[in-house]
Amino acid sequence: MTDSPFKKDVLQIVKNIPKGEWISYGDVALLAQHPRAARAISAILKSTNEPIPWHRVVNKQGQVSIKDPELRREQIKRLRDEGLTLTDSGQIVHVPLSH
DNA sequence: GCCATGGCTAGTA
DNA sequence: GCCATGGCTAGTA
């Protein structure tokens with residue numbers, strides 16, 4: 001099965017998310033020229049075997065939204081390892097720079 | 001094909 | 001409401 005152009009675009013976009021940053025499913029959809037396909041983004045990330053930084057994609061509120069407990073923990077861990085601050089419930093916390 | 005299932009979201013009778 | 005995926009069923013080759 002060959003990936004659709006849309007799916008390939010999505011994978012490419014996710015690959016390009018810089019380390020330590022995050023983006024929402026909806027914004028990935030926008031960048032892929034499918035503004036209403038936010039929900040499909042999660043399906044694509046879940047289905048691919050490609051080694052991409054899927055953990056940098058979270059919902060619009062900046063919270064990890066994966067339901068599977070193990071994957072959820074994995075995502076939180078990866079984001080923390082990249083320097084982000086997350087509450088144990090998976091909410092990304094904006095940490096103001098101290099002067 | 002059909003249909004249920006989401007790691008979603010804009011917009012709100 | 002949106003839309004790709006995945007499991008499952010007809011119904012053909």
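Chain identifiers are assigned alphabetically (A, B, ...) following the order of the sequence lines, protein sequences preceding nucleic acid strands; residue numbering begins at 1 within each chain.
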>> Tell me which nucleotide, if any, is Watson-Crick or G-U wobble paired with B/dG11 when both distances must be under 3.5 Å.
In response: none
> Are any non-hydrogen side-chain atoms of A/Gln63 and A/Thr87 less than 4.5 angstrom apart?
Replying inline: no
> For C/dT5, does either OP1 or OP2 sit under 4.0 Å from a side-chain N or O belonging to A/Lys7?
Replying inline: yes
> Just checking A/Lys60: base, sugar-phosphate only, or nothing, at a heavy-atom cut-off of under 4.0 Å?
Replying inline: sugar-phosphate
> What integer distance in Å separates A/Phe6:CZ from C/dC2:C1'?
Replying inline: 11 Å
> For the pair made of CG in A/Leu11 and C1' in C/dA4, what is the distance, rounded to whole Å?
Replying inline: 12 Å
> Which base sits across from B/dC3 as a Watson-Crick or G-U pair, both distances under 3.5 Å?
Replying inline: C/dG6
>> Between A/Asp68 and A/Lys46, does any NZ, NE, NH1 or NH2 come within less than 4.0 Å of an OD or OE carboxylate oxygen?
In response: no
>> Please report the interatomic distance CG(A/Leu79) to CH2(A/Trp22), rounded to the nearest 0.5 Å.
In response: 10.0 Å
> To the nearest Å, how far apart are A/Gln33 CD and C/dC2 P?
Replying inline: 19 Å
> A/Lys8 NZ to C/dA4 C1': how many Å, rounded?
Replying inline: 16 Å
>> As a test of reading the structure: which of B/dC8, B/dG6, C/dA4 is closest to the side chain of A/Lys67, going by heavy atoms?
In response: B/dG6
> Is there a side-chain contact (heavy atoms from CB on, under 4.5 Å) between A/Asp27 and A/Lys60 once you walk through the steps?
Replying inline: CA-CA 8 Å; A/Asp27 285 342; A/Lys60 196 105 185 180; 3.7 Å; yes
>> Measure CG/A/Leu30 against P/B/dT9 and give the value in whole Å, please.
In response: 10 Å
>> From the set B/dG7, C/dC3, C/dG6, return the single nucleotide nearest to any side-chain atom of A/Ser47.
In response: C/dG6
> Please give, in whole Å, the distance from C/dA4 P to A/Asp9 CG?
Replying inline: 12 Å
> Looking for any heavy atom pair under 4.0 Å, which part of the strands does A/Ile41 touch: base, sugar-phosphate only, or nothing?
Replying inline: nothing
>> Looking at the base of C/dG1, is there any donor atom on it, or on the side chain of A/Arg39, that sits under 3.5 Å from an acceptor on the other one?
In response: yes
> For the pair made of CD1 in A/Ile76 and C1' in B/dG7, what is the distance, rounded to whole Å?
Replying inline: 12 Å
> Between A/Arg78 and A/Glu74, is there a side-chain N and carboxylate O pair less than 4.0 Å apart?
Replying inline: yes
> What's the CG-P distance between A/Leu45 and B/dG6, to the nearest Å?
Replying inline: 16 Å
>> Using the side-chain heavy atoms of A/Arg36, tell me which of these nucleotides is nearest: B/dG7, C/dC2, C/dA4.
In response: C/dC2
> Of all the nucleotides listed (C/dC3, B/dT9, C/dA4), which has the minimum atom distance to the side chain of A/Ser24?
Replying inline: B/dT9
